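Computed from a prediction, not measured in an experiment: that's the story for all the values here. FYI, the numbering just counts along the sequence from 1.
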Amino acid sequence: MSRKVVRTSKFRHVFGQAVKADQCYDDIRISTMTWDSNFCSVNPKFVSMIVDASGGGAFMVLPLSKTGRIDMSYPTVCGHTGPVLDIEFCPHNDNIIASGSEDCSVMIWEIPDGGLTSPLTEPVVKLDGHCKRVGILSWHPTARNVLLSAGSDNVIILWNVAQGEEVVRIDSVHPDLIYSACWNRDGSRILTSCKDKKLRVLDPRKGTVLFEKDKPHEGSRPVRAVFVSGGQILSTGFSRMSERQVALWDPNNFGEPLTLQELDTSSGVLLPFFDPDTGVVYLCGKGDSSIRYFEVTDEAPYVHYLSMFSSKESQKGMGYMPKRGLEVNKCEIARFYKLHERKCEPIVMTVPRKSDLFQEDLYPDTIGPEASVEADEWFDGKEAPPVLISLKDGFVATTKAKEFKVHKSLLKTTTASAGSQPDGSGEVQSLRKEVKDLKAALEELTKRVKELETKN
């Protein structure tokens, strides 16, 4: 008599849980744009989401602690003249965020500690180079101030943000719309999926195609792909019958997938989030009300289904917290920020453990906030693995050193932009504008008081 042996894994019992209502961010009008990006970005200081804005585009940046109902008049970042399509926080500086918009520009913003007190309209740096809308942004994981942007003009540009200049332009590779673009762990490769039904692995500095896979999924709906451990590639897409699929590929042997599994029939694009520390990949479908998670291992069938977090309401977007922002004493291995129509709801993924001591097997050294190479060095050909930190004492231990370094890198960014802006940094400009507005308001009020006095 054969007994089915259940695969042993410490992540078999991972469960998701939405936080209590008072820890959500309420009354936020999330953008209604039909664009397949995350619409949300988070780090250990802030949560940011794209919101509906009349005339132009805007996104909101809230300190993580500012939960509850958000006032209608809460200031936004509103410098774009068209709807914002993608936002992403810089991994090496928690106060810097990039945004791409339908107005064809990429803007870099500096968010003050504690959040915004007035609307932010002047970016630190504005990057112009695309001739159609910019829908994909991705910061380099190890090099400071290197940003990838991809637009509907089928062009990928790598920017040196501190100098505010375009360094690499990859414009002859993609004949059609780029669905997704991402880096590998040390930023030595770019992986793209395109409407011409091809996955491509590119050399970022030369812009050449190293590996290519035609039709990873047979269907015509968008394909998403991310690098997972060992240089392998995980892709999500659709079959001919519009069934959603997940597949794992080895780029050195792109002929057949290591595994290809069908999940369900639904039209929402599956956004993959991979955690290299645990080997768990989370699939969040746009318009779904669930998050599926799988473990990627070296043994067949390579992608093992773990479980599913389900809720009643569908998600319009999803933010993924970096490892250093999690609560390690609660065995939290991932935290998502799920966007509803009118709110943002954190969802915590936990491994059930009885002890509240630090679990070393769940938290290997993870990527820290320190860049391992400068932009110029990286563009000149220097590779560097990410700088890892231990989470044993929580994230607090690294904050002091980090804050000091943040200011230094901010100075770099701000002085570089000051060169391109005659009036100094964006911060000074916004203060001047504020003073000017206040003076105008004061004059208006004085005039009104005089009018009323003469009437009486």
Side-chain angles (χ1 to χ4, degrees), residues 31 33-39 41 48 50 53 55-59 77-90 96-110 120-140 143 145-183 187 190-196 198 200 202-209 222-225 269 317 375 378-379 413 416-417 420-421 426:
S31 171
M33 284 295 294
T34 52
W35 187 255
D36 288 325
S37 72
N38 300 350
F39 279 25
S41 185
S48 161
I50 304 173
F59 60 95
V77 181
C78 49
H80 283 288
T81 54
V84 177
L85 300 176
D86 199 12
I87 48 176
E88 192 173 357
F89 275 111
C90 177
I96 295 287
I97 187 168
S99 61
S101 161
E102 210 157 271
D103 64 10
C104 311
S105 69
V106 177
M107 292 185 183
I108 313 295
W109 308 88
E110 184 187 326
L120 190 55
T121 54
E122 286 298 321
V124 181
V125 185
K126 186 179 180 201
L127 307 170
D128 287 314
H130 287 282
C131 56
K132 286 190 179 176
R133 60 185 178 177
V134 183
I136 299 168
L137 295 175
S138 183
W139 288 94
H140 193 287
N145 292 333
V146 175
L147 178 70
L148 173 154
S149 67
S152 297
D153 49 5
N154 314 337
V155 174
I156 287 177
I157 298 178
L158 304 186
W159 305 89
N160 181 341
V161 171
Q163 308 294 333
E165 63 185 19
E166 169 188 318
V167 184
V168 178
R169 187 180 187 90
I170 305 172
D171 53 6
S172 57
V173 172
H174 301 93
D176 213 329
L177 184 68
I178 300 165
Y179 284 141
S180 72
C182 69
W183 301 93
I190 295 172
L191 169 63
T192 66
S193 63
C194 178
K195 198 174 180 178
D196 69 348
K198 282 185 181 174
R200 293 178 176 87
L202 311 175
D203 179 315
R205 299 181 192 87
K206 295 177 187 163
T208 51
V209 179
V223 169
R224 287 291 172 128
V269 175
W378 185 81
F379 281 117
T413 313
S417 67
S420 61
Q421 291 177 357

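His140 contributes a side-chain N or O that, together with a main-chain N or O of Gly187, makes up a donor-acceptor pair within less than 3.5 Å. Of the possible donor and acceptor atoms, one in the side chain of Ser37 sits under 3.5 Å from a partner among the backbone N and O of Leu85. Side chain of Ser101 to backbone of Gly82: a donor-acceptor contact under 3.5 angstrom is found. Under the 3.5 Å distance criterion, the side-chain polar atoms of Asp86 are matched with a main-chain donor or acceptor of Leu137. Remark: the backbone N or O of Ser99 is not paired with any side-chain donor or acceptor of Trp109 at under 3.5 angstrom. Side-chain atoms of Thr81 never come within 3.5 Å of backbone atoms of Asp103 as a donor-acceptor pair (strictly under, hydrogens ignored).
With a 4.5 Å cut-off on side-chain heavy atoms, Arg133 and Trp35 count as touching. By the 4.5 Å heavy-atom criterion applied to side chains, Phe379 and Val168 are counted as neighbours. The closest side-chain heavy-atom distance from Leu127 to Ser149 is not below 4.5 Å. Here the side chains of Ser105 and Val134 are not in contact, with every heavy-atom distance at 4.5 Å or above. Side-chain contact between Ile190 and Leu158 is present, with at least one heavy-atom pair separated by less than 4.5 Å. Put simply, the side chain of Ile108 does not reach to within 4.5 Å of the side chain of Trp159, judged on heavy atoms.
Cys182 SG to Leu191 CG: the interatomic distance, rounded to the nearest 0.5 Å, is 4.5 Å. Summarising the geometry, atom CE belonging to Met107 is positioned 9.5 Å from atom OG1 belonging to Thr121; distances are rounded to the nearest 0.5 Å. With rounding to the nearest 0.5 Å, the separation of NZ in Lys198 from NE2 in His174 is 10.5 Å. Atom CG of Asn160 sits about 10.5 Å away from atom CH2 of Trp378, to the nearest 0.5 Å.
When all heavy atoms of Ala98 and Leu147 are compared, the closest pair comes out as CB-CD2, 4.0 Å. Across all non-hydrogen atoms, the minimal contact from Ile178 to Asn154 is CD1-C, 3.8 Å. In terms of heavy atoms, Trp139 sits closest to Val161 at CZ3-CG2, 4.0 Å. Contact detail for Ile50 and Ala58: the closest heavy-atom pair is CG2-O, 3.7 Å. Residue Pro222 comes nearest to Asp36 through the heavy atom pair CG-OD2, 4.0 Å, listed as atom of the first residue, atom of the second, then distance. The nearest pair of heavy atoms linking Ala150 to Ile156 is CB-CG1, 4.0 Å.
For Asp171, the salt bridge (charged side-chain N to carboxylate O under 4.0 Å, His left out) partners two or more places apart in sequence, or in a different chain, are Arg169. In this view, Arg224 satisfies the salt bridge (charged side-chain N to carboxylate O under 4.0 Å, His left out) rule with no residue, not counting sequence neighbours.
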Pair Phe59, Ile97 - check side-chain contact (heavy atoms from CB on, under 4.5 Å), show working.
CA-CA 11 Å; Phe59 60 95; Ile97 187 168; 3.8 Å; yes
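A donor and an acceptor atom, one from each side chain of Ser180 and Ser193, are located under 3.5 Å apart.
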